Amino acid sequence: MTTASPAEFNGSAPAKRTRKRIEPLKAIRAIRALIADKEDTGQVFKIIDALSGNVSDRQFKRFIATGMGQRIVAERRDIIAALNDRERLSRLPEGTLGRTYYEFMAEENLTADGLVDASREVSLRDERTEAERIFGDRLRDTHDLWHVTTGYGRDGLGELALLAFSYVQTRNRGIGFIVLVGWRLSTKRNPDLKLGRVIREGFRHGKRAKWLPAADWEALLDKPLEDVRALLNIAPPEAYRAVEPITTERERAFIEREALRKAA
């Protein structure tokens, strides 16, 4: 692999780095669009971009201060290449992270680079260094690995719980905003289920876990999933699992009703 020079990953921001403004109106427009169509993933990136400010700079500095972060940047790793190697992942032993990820993506009809196009709806900051790009892309591209590792599914509640987990890990205000809005809407639609317990569980698990942005995911793919969870200190999502069958069925019924209403 090509090795970067130390100057490329010393954690220093460019001398003329501008402070990124918070754009609440942009975030509100995007959250309305996301509520109208939860599959419009591009709106998620718009919300995060509108409210994140300079949090990505702080995340990068934390990342590059770790030995693994420096190694990832020096080797110019592209996690997408490993995750798109479906033939290799499918041959891994049952129960490994990589095999479970492969089965998860196949069942959901997803590809590892599925979030790349959605993220392009947001203009990136021109002053990002190559090291920052590697970090930012890796954080985006491991989203579904986080799903598999934490045990949160891609249903509405699972996405919300994972975002709660992710907020604690990244301290990104855009993610926090989505969690708060989603929490309110989910509770309104399911007042009998006390879904706040699921969201709080996501927060607790995110706080307890090791910092996932600096994980060596390439090496972890070959390991048993339960060993990976133990290594990263990730607890079972018990509150989520207790209500997920109910919320998933209600979500399916709601989608069917909406489709019939629009067709009428």
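Note that this is a predicted model, so its numbers are computed, not measured. In this chain, residues are counted from 1 in sequence order.
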Are Glu256 and Arg252 close enough for a salt bridge, meaning some N to O gap below 4.0 Å? yes

Using a 4.5 Å cut-off on heavy atoms from C-beta on, say whether the side chain of Arg99 contacts that of Pro93. no

Would you confirm whether Ser90, through its side chain, and Glu87, through its main-chain N or O, come within 3.5 Å as a donor-acceptor pair? yes

Looking at Arg154, Glu159, Glu108, which one forms a side-chain hydrogen bond (donor to acceptor under 3.5 Å, both in side chains) with His147? Glu159

Any side-chain heavy atom of Leu145 sitting closer than 4.5 Å to one from Leu212? no

Verify the distance criterion only: is there a donor paired with an acceptor across the side chains of Thr129 and Glu132 at less than 3.5 Å? yes

So which of Thr96, Leu92, Leu89 actually passes side chain to side chain contact (heavy atoms under 4.5 Å, CB included) with Asp222? Leu92

Is the closest side-chain heavy-atom distance between Asp113 and Asp141 below 4.5 Å? no

Classify the ring geometry of Phe63 against Phe60: parallel below 30°, tilted from 30° to 60°, perpendicular beyond 60°. tilted

Does atom CG of Asp192 have more than 12 heavy-atom neighbours, drawn from other residues, nucleotides or ligands, at distances under 6.0 Å? yes

Residues passing the ring-ring contact (aromatic ring centres under 6.0 Å, His included) test with Tyr101, sequence neighbours excluded, are none

Any carboxylate oxygen within less than 4.0 angstrom of a Lys/Arg side-chain nitrogen, looking at Asp137 and Arg140? yes

Do Glu238 and Arg241 sit within salt-bridge range, that is, some charged N less than 4.0 Å from a carboxylate O? no

Once the angle between the rings of Tyr167 and Phe203 is folded into 0 to 90°, is it parallel (under 30°), tilted (30 to 60°) or perpendicular (over 60°)? perpendicular

May I ask you to check whether Tyr240 and Asp155 show a side-chain donor-acceptor distance below 3.5 Å? yes

Within-4.5 Å side-chain heavy-atom neighbours: Arg250 and Leu193: yes

With the threshold set at 4.0 Å, does a side-chain nitrogen-carboxylate oxygen contact exist between Asp216 and Lys223? no

Give the ring-plane orientation class for Phe165 versus Trp146, where under 30° counts as parallel, over 60° as perpendicular and anything between as tilted. perpendicular

Could you tell me whether the side chain of Val55 reaches within less than 4.5 Å of the side chain of Arg173, counting heavy atoms only? no

Are Glu251 and Arg189 within salt-bridge range, i.e. N to O under 4.0 Å? no

Taking side chain to side chain contact (heavy atoms under 4.5 Å, CB included) as the criterion, tell me which of Leu110, Thr111, Leu83 meets it with Met105. Leu110

Give the cluster check for Phe254 versus Val243: same hydrophobic cluster or not, with ILVMFWY residues linked at side-chain heavy-atom distances below 4.5 Å. no

